[in-house]
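Written out below as structure tokens is the structure these notes cover.
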Amino acid sequence: MESVVFWLLSATALIAAVLTVTRKNPISAALSLVVCLVAIAGLFATLSAHFLFVIQLLVYAGAVMVLVLYVIMILNLRDREMRALGISKPRFLLAIAAAIPVVIVLVRIAGGSGGRPAVAPPDDLGALPALAEGLFTRYLVPFEVLSVLLLAAMVGAVVLAMRKF
Amino acid sequence: MFTENPYLVVSLVLFLIGCIGVLTRRNLLVVLMAIELMLNAANLAFLSFTRSSPALAGAGEETMRRMFIDGNVVVFFVIAVAAAEAAVGLAIVVALFRKKETVNLDRFTALHQ
């Protein structure tokens with residue numbers, strides 16, 4: 001059962017990812033990316049990361065993708081321009097050629113014998129209180145820095161988008 | 001490790017698709033989306049290592065719980081930073097489009113003018 005769900009979600013994520021990078025129309029690319037992100041959220045859930053499942057849906061598939069779609073619609077690209085901006089064949093072949101050594105290296109690094117945990121994971125592994133405790137004790141300083149970063153990004157985005165060139 | 005942790009294969013393929021998207025597409029918006037895809041592939045790898053990694057072999061319940069929380073927190077941070085990146089990146093796209101009236105990456109060649 002679990003592996004059926006895994007393969008279903010993986011296949012969805014991979015197909016949607018391929019569609020994302022091959023669609024000429026940025027709106028279809030963005031909607032494919034939403035499907036891909038939802039499938040990845042499902043994969044998070046199968047890894048018992050329930051909190052990140054919700055965060056992925058809210059922040060990524062929700063907020064970020066709405067922002068992307070909003071910008072695409074604001075820019076209001078003409079059809080002619082979108083057709084000219086498809087995938088370019090020579091670059092595609094070059095990218096594949098560049099990807100092959102990366103795959104070989106990664107497979108050699110990760111292909112060694114790894115270990116599954118010797119004991120079964122605890123039942124309440126994905127429980128939220130433990131995660132919250134980690135976030136607000138050991139990771140308190142990064143967490144606060146992150147809030148400053150988000151504020152800075154917000155101000156930066158507003159300034160950049162408002163500026164007249 | 002790939003047979004014990006199939007999530008890694010999915011993560012690797014997703015990352016490569018994103019990478020090829022960044023390298024081959026000329027539409028600035030699609031390149032940004034491909035970057036998001038790569039970040040998500042990395043997140044998936046992070047999370048899969050919290051459940052299956054050589055460091056977990058023979059580990060007790062406490063270590064396992066701690067590693068799981070560490071992995072989750074890292075992914076949480078990555079998601080937050082990616083959201084900030086998307087906001088600033090899209091603001092830059094809007095600013096560039098106002099100046100050049102295009103999102104074609106090949107047209108953005110000047111450092112200053």
Side-chain angles (χ1 to χ4, degrees), chain A residues 10 13-14 17-18 20-21 26 29-30 33 37 40 43-44 47 49 51-52 55 59-60 63-64 67-68 71-72 74-75 77 81 85 87-88 91-92 95 99 106 110-119 121-122 125 130-131 134-135 139 142 146 149-150 153-154 156-157 160-161 163 165, chain B residues 1-2 4-8 10 12-14 16-17 19-21 23-27 29-30 33-34 36-37 40 44 47-48 50-54 56-59 61 64-65 68-69 72-73 75-77 79-81 83-84 86-88 90-95 97-99 102-104:
Chain A
S10 305
L14 293 177
V18 170
T20 303
V21 298
L33 186 56
L37 294 176
I40 291 175
L43 287 175
F44 286 1
L47 286 164
F51 174 64
L52 288 173
I55 289 291
V59 175
Y60 248 122
V64 170
L67 193 64
V68 170
V71 167
I72 292 171
I74 278 185
L75 296 187
L77 301 177
E81 187 166 32
L85 291 177
I87 209 154
S88 73
R91 282 196 209 177
F92 182 71
L106 283 177
S113 64
R116 274 214 171 274
V119 286
L125 191 62
L131 189 59
L135 199 57
Y139 291 98
L146 191 66
L149 173 80
L150 285 172
M154 194 172 77
L160 271 172
R163 205 158 87 186
F165 287 95
Chain B
M1 188 182 280
F2 285 119
E4 290 141 2
N5 190 354
Y7 289 91
L8 273 186
V10 181
L12 175 63
V13 177
L14 277 178
L16 282 171
I17 293 170
C19 204
I20 286 171
L23 289 174
T24 56
R25 292 303 299 261
R26 281 162 296 180
N27 190 332
L29 292 159
V30 180
M33 287 187 238
E36 301 289 335
L37 200 57
N40 270 279
L44 191 57
L47 268 188
S48 76
T50 65
R51 296 295 300 282
S52 170
S53 117
L56 281 173
E61 191 170 305
M64 187 179 283
R65 207 185 287 274
F68 181 78
I69 288 167
N72 273 255
V73 169
V75 173
F76 174 72
F77 284 150
I79 289 178
V81 173
V88 176
L90 288 168
I92 293 173
V93 172
V94 170
F97 187 79
R98 283 214 188 123
K99 189 163 173 59
T102 181
V103 287
N104 188 344

Which atoms of [X] approach chain B - backbone, side chain, both or neither, heavy atom under 4.5 Å:
X        : value
A:Leu131 : both
A:Val71  : side chain
A:Ala63  : neither

Next on the checklist: Heavy-atom pairs under 4.5 Å with chain B - which of A:Leu146, A:Leu37, A:Leu75, A:Val68 has more of them than the others?
Outcome noted: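 Most heavy-atom pairs under 4.5 Å with chain B: A:Leu75.
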
Checklist entry - So which of A:Gly156, A:Gly134, A:Ala49 has the largest heavy-atom pair count under 4.5 angstrom toward chain B? => result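 Highest number of pairs under 4.5 Å: A:Ala49.
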
Checklist entry - Is the CZ atom of A:Phe92 crowded by more than 12 outside heavy atoms at less than 6.0 Å? => result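 No, the 6.0 Å shell around CZ holds no more than 12 heavy atoms from other groups.
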
Next on the checklist: Any heavy-atom pair between the side chains of B:Asn72 and A:Leu52 that's under 4.5 Å?
Outcome noted: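 A:Leu52 reaches B:Asn72 side chain to side chain.
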
Checklist entry - With a 4.5 Å limit on heavy-atom distance, are the side chains of A:Thr20 and B:Glu36 in contact? => result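 Sidechains of B:Glu36 and A:Thr20: no contact.
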
Checklist entry - Listed by chain and number, what are the ring pair (Phe, Tyr, Trp, His ring centres under 6.0 Å) partners of A:Tyr60, not counting sequence neighbours? => result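 Per chain and number, A:Tyr60 pairs via ring pair (Phe, Tyr, Trp, His ring centres under 6.0 Å) with no residue.
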
Item to check | Test ring pair (Phe, Tyr, Trp, His ring centres under 6.0 Å) applied to A:Phe51 - qualifying residues, sequence neighbours left out | outcome: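 A:Phe51: ring pair (Phe, Tyr, Trp, His ring centres under 6.0 Å) contacts with B:Phe76.
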
Least distance between heavy atoms, [X] atom then [Y] atom:
X       : Y        : result
B:Met33 : A:Ile72  : CE-CD1, 4.0 Å
A:Ala13 : B:Leu14  : O-CD2, 3.9 Å
B:Ala80 : A:Leu150 : O-CD2, 3.7 Å
B:Ala91 : A:Leu160 : CB-CB, 3.9 Å

Between [options], which has the largest tally of heavy atom pairs under 4.5 Å with chain A?
options                            : answer
B:Leu29, B:Asn40, B:Val75          : B:Asn40
B:Leu23, B:Val13, B:Ile69, B:Val81 : B:Ile69
B:Thr50, B:Ile17, B:Val94          : B:Ile17
B:Leu16, B:Val88, B:Val73          : B:Val73

Checklist entry - Out of curiosity, B:Leu90 CG to A:Leu67 CG, how far, rounded to the nearest 0.5 Å? => result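 Taking CG in B:Leu90 and CG in A:Leu67, the distance rounds to 5.0 Å.
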
Item to check | Given A:Leu43, A:Ile40, A:Leu47, the one that forms side chain to side chain contact (heavy atoms under 4.5 Å, CB included) with B:Leu47 | outcome: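 So, applying the side chain to side chain contact (heavy atoms under 4.5 Å, CB included) to B:Leu47 and each of A:Leu43, A:Ile40, A:Leu47, only A:Leu47 qualifies.
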
